[in-house]
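What follows is one structure encoded as structure tokens, with my remarks underneath.
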Number of protein chains: 2
Amino acid sequence: MDGVETRELRYFVAVAEELHFGRAAQRLGMAQPPLSRAISLLERRLGTTLLERTSRAVTLTGAGSVLLREARAALDAVEAAERRTRRAALAETGRPGVVLATKAGASGELLAKMLDAYAAEPDAVAVDLLLCGIGEQERMLRDGRADVALLHLPFDSTAGFDTEELVTESQVVVLPAGHPLTTRDQVRMSEVTALPGLPLPRWPGPDGTYPDGPGPQARDHAQLYQLIALGRACWIAPESCRAQLREELAAVPVPDAPTVTTVIAWPPHSRSRAVAGLVRAAVRHCTS
Amino acid sequence: MDGVETRELRYFVAVAEELHFGRAAQRLGMAQPPLSRAISLLERRLGTTLLERTSRAVTLTGAGSVLLREARAALDAVEAAERRTRRAALAETGRPGVVLATKAGASGELLAKMLDAYAAEPDAVAVDLLLCGIGEQERMLRDGRADVALLHLPFDSTAGFDTEELVTESQVVVLPAGHPLTTRDQVRMSEVTALPGLPLPRWPGPDGTYPDGPGPQARDHAQLYQLIALGRACWIAPESCRAQLREELAAVPVPDAPTVTTVIAWPPHSRSRAVAGLVRAAVRHCTS
DNA sequence: GGGGATCGATACCGCACGGGTATCGATCCC
DNA sequence: GGGATCGATACCCGTGCGGTATCGATCCCC
């Protein structure tokens with residue numbers, strides 16, 4: 001009758017994600033029968049059924065969906081405990097450092113200046129950059145792979161983190177050089193979404209799959225810029241990306257696109273000296 | 001070499017809190033030797049020493065302090081997963097409901113009106129009140145005993161929660177009826193802190209111990225008001241407490257005391273229909 | 001409609017690991 | 001220096017986790 005073990009949660013998450021005991025067992029590197037047993041034991045301990053199984057299909061019950069969400073969060077917290085402890089140990093007997101997660105290819109000069117400003121502080125420690133794919137920073141921060149991150153509202157969610165706003169910028173549309181619209185000094189959102197032959201590409205979601213719908217698929221900025229240069233897509237991006245555009249690309253302001261706010265975020269209750277210093281340097285740099 | 005188990009974290013937290021293997025083992029209902037062994041196993045798996053032990057004293061290392069903080073959070077998350085799953089199961093096969101945590105004796109009429117407003121909604125479910133001691137709401141929300149809470153800034157921390165501001169009010173000083181200051185229409189903070197014979201009482205912290213220093217000790221509002229009525233203490237409280245004051249007490253505004261903001265808070269990613277409805281009702285009620 | 005395939009549940013077994021007792025060794029105090 | 005305190009070590013036992021073999025139900029297809 002006492003507490004749930006992380007092993008059980010890992011098992012449950014595997015089954016809930018696969019919706020298939022056999023595959024889940026394979027993923028976990030174990031046989032199927034003990035997995036079935038562990039899940040039913042978990043169900044008995046929680047006093048509820050988590051999965052509705054017929055011999056042809058496995059589906060989540062309401063309680064199961066709740067547990068899937070909560071178990072993921074709990075497992076992230078346990079992993080974070082493990083990782084942060086290991087990092088703290090390294091910092092004690094070697095070079096301390098913080099891991100800063102940021103979207104690959106975003107916030108170029110802000111990042112550089114912020115790191116310079118922090119490095120100039122007297123008690124600055126090494127900052128390791130962790131370049132993330134779209135929306136990965138959240139996870140990195142949550143499971144302890146990163147200590148602090150740059151997020152971009154409204155795309156990323158800051159739920160559960162402490163944050164400070166850094167900069168807000170308007171957006172531009174990135175087009176192939178020579179496109180008729182590049183002669184304009186601004187365009188409207190409605191024009192962008194209706195561009196013939198230049199749809200907005202689709203990005204893979206957190207689960208690695210692409211959303212349904214039209215438009216080409218791109219996995220990172222290199223692919224994206226390639227697509228645009230080839231005249232197969234366009235893209236809405238923060239103004240600051242203009243500094244990094246290749247020759248074959250051009251950007252035109254879109255005043256009525258939602259503004260993008262860059263925030264620096266860190267897990268609550270873990271404001272180490274280093275993270276605090278980094279945050280301070282970033283805020284000081286951006287408000288001066 | 002795979003993940004840490006919650007059992008190990010529970011063991012570590014017990015030892016780290018007691019700083020004594022024998023007592024920790026007793027608290028865990030087990031013998032001391034297996035506990036020692038489990039801790040050293042944990043240390044080997046994390047690749048670092050967590051506790052510095054001599055035969056006379058046990059102290060936390062830096063990594064140990066980090067793990068203590070992180071392990072508490074992780075254990076709360078695991079407990080929350082357990083509790084929320086159980087609640088979800090109950091809600092499926094019976095009467096659904098949300099648990100609202102609030103400071104005992106605070107936000108009286110706000111709470112009542114908010115509950116009325118919510119109850120009038122078409123899909124309202126039962127709201128169970130969980131009256132908390134000072135600062136307990138945070139924990140209740142974090143470990144899943146509550147689904148939503150009323151917090152009072154700047155006293156409570158909203159770190160890690162989603163929140164909406166409800167009302168901001170100024171504060172008053174609560175005095176025994178007949179006290180000379182009760183004839184004034186306002187007093188300054190500096191006058192309150194210097195009141196001869198009427199110190200501010202001390203509250204127990206989250207760990208149950210009283211902070212050092214002068215002043216009487218009180219564990220709840222009843223004791224507090226008793227102390228004030230007896231002329232042994234005074235107290236700074238939000239304006240709205242005036243509605244609940246006993247006859248022997250009087251309140252005088254303190255314009256330069258920090259204002260108190262009541263917020264409604266809930267754990268991120270768990271915005272159920274019921275919680276969302278409650279938040280909406282509260283916000284709508286307070287901004288209209 | 002029956003045979004095969006799929007897939008989760010059950011039965012049973014062996015061993016690793018968690019927990020218990022006894023004891024050691026170090027440290028501090030009188 | 002002797003006793004007391006307290007964590008570590010040594011050793012043993014039983015539980016429980018994970019493995020293999022098999023069953024039973026469901027679906028599909030000829």
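Note that the structure is a prediction, hence the values are computed from the model and not measured.
- No salt bridge links B:Arg10 with B:Glu5; every basic N to acidic carboxylate O contact stays at or beyond 4.0 Å.
- Between A:Ser36 and C:dA9, a side-chain N or O to OP1/OP2 separation shorter than 4.0 Å is present.
- When each of B:Arg84, B:Glu138, B:Arg83 is tested with B:Asp143 by the rule side-chain contact (heavy atoms from CB on, under 4.5 Å), just one qualifies, namely B:Arg83.
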Salt bridge (charged side-chain N to carboxylate O under 4.0 Å, His left out) for A:Arg280 and A:Glu121? Distances and angles first, verdict last. CA-CA 10 Å; A:Arg280 204 176 336 112; A:Glu121 294 212 347; 3.4 Å; yes

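- The pair A:Arg37-A:Glu43 does not meet the salt-bridge criterion, since no charged nitrogen lies less than 4.0 angstrom from a carboxylate oxygen.
- Nucleotide C:dC15 forms a pair with D:dG16, judged by Watson-Crick or G-U wobble geometry with both contacts under 3.5 Å.
- Looking at the side chain of A:His20, the nearest of the listed nucleotides D:dT20, C:dG8, D:dC6 is C:dG8.
- Separating the CZ atom of B:Arg23 from the C1' atom of D:dC6 is a distance of 11 Å, rounded to the nearest angstrom.
- Atom CG in A:Leu19 sits roughly 19 Å away from atom P in C:dT6 (whole-Å rounding).
- Between the C1' atom of C:dG8 and the CD1 atom of A:Ile39 lies a distance of 12 Å, rounded to the nearest Å.
- Considering only the side chain of B:Pro33, C:dT21 comes nearest among D:dC6, C:dT21, C:dA9.
- The separation between B:Gln26 atom CD and D:dT5 atom P is 14 Å, rounded to whole Å.
- In this structure, CG of B:Leu28 is placed 12 Å from C1' of C:dG19, rounded to the nearest angstrom.
- Distance OH (B:Tyr11) to C1' (D:dG7): 17 Å, rounded to an integer number of Å.
- With a cut-off of 3.5 Å on both pairing distances, the Watson-Crick or G-U wobble partner of C:dG8 is D:dC23.
- Both A:Gly22 and B:Thr54 sit near DNA chain C, but only A:Gly22 has its closest nucleotide nearer the 5' end.
- The side chain of A:Pro34 has D:dG18 as its nearest neighbour among D:dG7, C:dG8, D:dG18.
- Side chain of B:Phe21, nearest nucleotide from D:dA8, C:dG8, C:dG20: D:dA8.
- Atom CG in B:Leu35 sits about 12 Å away from atom C1' in D:dA8, given to the nearest Å.
- Between B:Arg37 and D:dT9, a side-chain N or O to OP1/OP2 separation shorter than 4.0 Å is absent.
- Between A:Arg53 and C:dC7, a side-chain N or O to OP1/OP2 separation shorter than 4.0 Å is absent.
- One can place CD of B:Gln32 at 14 Å from P of D:dT5, the figure rounded to the nearest angstrom.
- Contact check on B:Arg142 versus B:Glu79 returns no salt bridge, with no Lys/Arg side-chain nitrogen under 4.0 Å from an Asp/Glu carboxylate oxygen.
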